[in-house]
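Each chain gets a letter, A, B and so on, in the order the sequences are listed, and its residues count up from 1.
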There are 4 protein chains.
Amino acid sequence: MARPRSAEKQRAILSAAVRTVASQGLGAATAVIAKEAGVSNGSLFTYFGSKADLLNRLYVELKTEMAAAALDGLPAEGDLRERLCHLWVRWLRWATTCPEKRRTLAQLDVSDEITPASRQTARQMMAGIARLLEQSRSNGPLREAPLEFVVALMSALADITIDFMLRDPVHADQHRQAGFEALWRMVA
Amino acid sequence: MARPRSAEKQRAILSAAVRTVASQGLGAATAVIAKEAGVSNGSLFTYFGSKADLLNRLYVELKTEMAAAALDGLPAEGDLRERLCHLWVRWLRWATTCPEKRRTLAQLDVSDEITPASRQTARQMMAGIARLLEQSRSNGPLREAPLEFVVALMSALADITIDFMLRDPVHADQHRQAGFEALWRMVA
Amino acid sequence: MARPRSAEKQRAILSAAVRTVASQGLGAATAVIAKEAGVSNGSLFTYFGSKADLLNRLYVELKTEMAAAALDGLPAEGDLRERLCHLWVRWLRWATTCPEKRRTLAQLDVSDEITPASRQTARQMMAGIARLLEQSRSNGPLREAPLEFVVALMSALADITIDFMLRDPVHADQHRQAGFEALWRMVA
Amino acid sequence: MARPRSAEKQRAILSAAVRTVASQGLGAATAVIAKEAGVSNGSLFTYFGSKADLLNRLYVELKTEMAAAALDGLPAEGDLRERLCHLWVRWLRWATTCPEKRRTLAQLDVSDEITPASRQTARQMMAGIARLLEQSRSNGPLREAPLEFVVALMSALADITIDFMLRDPVHADQHRQAGFEALWRMVA
DNA sequence: CATGAATGAGAATTCATTCAT
DNA sequence: GATGAATGAATTCTCATTCAT
């Protein structure tokens, strides 16, 4: 029950930030984000201590949402390949469904405003994904590599695949499959 | 007549830009870059019409240098795997040797200041790499995918591998090998 | 809520602009105007979107004030010559009373920062003057000329007369009378 | 015979300045003027010590040319009205023939870069005009006003008339006549 | 003497953040 | 708490002028 109005505004700001950053880049002015959120520019700073703070929270939020989307409905058991494919499909579906979120996330990922702590938190959100990957690669050629390395690989692969899906929607399905084949061959 | 435009100064500015962007990001002030280059504020703009122009030229320059480094000494004939490996080794050596260039290039790659024309030019610089990749994948699972897709994959894989090599220099060799294995399995 | 935009501050800026432009010309820096107004650099831009905007508003403001001063207390009826003379006297009195405003207005008048819209608005402010002039010239030699032509003539004549009044204050009265005679002979 | 090359370049610069100032205002960069003149920006400063110097010389030059054009072919004797009309026609013809010169002159006239000395010189160039005006007004209503006042009046009247002639070329003749009637009534 | 690169003092504007209302 | 005006440092770019070639 603690400040329900606040939670709403906070969400509005984050959501406005997604849209604004997607279209204007990380240089987007806080005042613009605030206006897009229907909130005064001063208010933005009562919800987020600074622009960097907003960006960090947005980063964690988006990573979390992405991971949740990818893991949604993942069967606890069953064939590894199938489970990984399930994850792959969900991941890409989320990204292609909200291209603005994805675009913003891509910008945040390379920003030096994002603190190590935020990156760490984000990694934890991806733990479920990492776990499945851990199993998948356990007998594969990357079984000795750091797990993080494999996660990073999968993320990059997903990113590129999404790029091509968005750029060439007619062959989206083929791109998704090609991406998955590449992934599977790499890890398993 | 008159003092000729000095190639030296131009290089100094580009090189200063590499260092400054690597440490301060793309938001680095042109004045800072100029000072770092030992050149006046205004001179930067006689060599580069605008900050965006500087960034674009830097982008093309770095991509070109990277591609040249990767292709340097590549045997024209011989075993495909070996040739690709040769390329891989050179590429990563370049990146680990000049981490600042690589860091700057990473920032430029995601910047929206970089024009399509610059990206196009950069792609042409990578043509040699693409060609080798084309041969390598010709019987592999990605033989039907757009070549660009495969190039992007390799780039991302290289990037991640470099990250780990820099982060964990003790196991640099292992990371490089793991990266190559992943690459080879993906394409061949 | 929040501090309301202060009409006072806006006036202070406009008034500072009058003084600064009068003494330094239209090239006067916005920073100087702001300081003269006792306002921060940035505040000037919350009241006026750009320097050109400030200049345009100043232009309209001064023209309006000038016209109002000229028309102030103008008898609605009576001898035309007397009424025109009344106008003439008020006009010149205003100009000689605030030479800085007049000087600034003269600069603005020839500036190409002033938009057609502003000039149009200014013209409307002068409508009262134009109307009286229309009556005055109705049987005179300029009865066929565009009214605007006659208005421009009167403005120029006023300007020159003011110049001489300011330059040679001892004979200010004579200059004013000579100017009026010239005007009357021209139009009536 | 003294530096014939120089005289040519000097003329080229002055002429380029006319065109450039006409289109870009007094803020036109010296480098632009130099380029328009087909001369290096450094050279401009060997012919004119500073931008202000260039502007002042241009001012005097244009005023001189204008006066010469107005006085060209003026009959030494004859009816005053006719002679003044002759002058009027030539003056306006010059101005409508070279609108750029006129436009530039108008800008210079209100600039505070123009020194009193230049204005004085310009006045002397107008002496022939002033003399005719002196005769014309000798029995008229302005016979007691300072001659300068009458000259200023005529100049302003000419300016306005030219404006209307350029703006509305179809009725150029009528405007010219109306202007002259106004002038004659004012002075004679 | 011509050239045009070099210089660096501004110029207008922007923007994160603070604070009066 | 919400608002949006206030702030002023920081930014990119311009330009008259100088000076090395």
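For the salt bridge (charged side-chain N to carboxylate O under 4.0 Å, His left out) test, no residue two or more places apart in sequence or in another chain qualifies with B:Lys51. For C:Lys9, there are no salt bridge (charged side-chain N to carboxylate O under 4.0 Å, His left out) partners, not counting sequence neighbours. By the side-chain contact (heavy atoms from CB on, under 4.5 Å) test, A:Ala37 pairs with A:Ala12, A:Ile13, A:Ala16, A:Val39, sequence neighbours left out.
Protein atom CG of B:Leu55 is 10 Å distant from nucleotide atom P of F:dT12, rounded to whole Å. As rounded to whole Å, 12 Å separates atom P of E:dT14 from atom CG of C:Asp53. Rounded to a whole Å, the NZ atom of B:Lys35 is 15 Å from the P atom of F:dT12. Atom CD in A:Gln10 sits about 15 Å away from atom C1' in F:dA2, given to the nearest Å. Taking atom CG of residue B:Leu26 and atom P of nucleotide F:dT11, one finds them 14 Å apart after rounding to whole Å. Per the geometry, CD belonging to C:Glu8 stands 17 Å off P belonging to E:dA20, to the nearest Å. C:Ile13 has its CD1 atom 14 Å from the P atom of E:dA12, to the nearest Å. Distance B:Ile33 CD1 to F:dT11 C1': 12 Å, rounded to the nearest Å.
Closest of all the heavy-atom pairs between B:Val21 and B:Gln107 is O-NE2, 3.5 Å. Here the closest heavy-atom approach between residue B:Leu108 and residue B:Leu55 is recorded as CD2-CG, 3.8 Å.
Identified under the side-chain hydrogen bond (donor to acceptor under 3.5 Å, both in side chains) test for residues 17-32 of chain C, with sequence neighbours left out: C:Ser15-C:Arg19, C:Arg19-C:Glu36.
Between the side chains of C:Thr46 and C:Ser43, no donor N or O sits under 3.5 Å from an acceptor N or O. When only modelled atom types and interatomic distance are considered, D:Thr121 and D:Ser118 share no side-chain donor-acceptor pair under 3.5 Å.
In this structure, B:Arg57 is not positioned above the aromatic face of B:Tyr47 in the sense of NZ or CZ being under 6.0 Å from the six-membered ring centre and within 45° of the axis.
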field: Heavy-atom protein contacts under 4.0 Å, nucleotides 5-11 of chain E, coded B base, S sugar-phosphate only, - none
entry: BSBB--S
message: Just to be sure I follow the notation: if a pair is Watson-Crick (purine N1 to pyrimidine N3 plus N6-O4 or O6-N4) or a G-U wobble (N1-O2 and O6-N3), each under 3.5 Å, what dot-bracket string does DNA chain E give, with | for pairs to another strand?
response: .||||||||||||||||||||
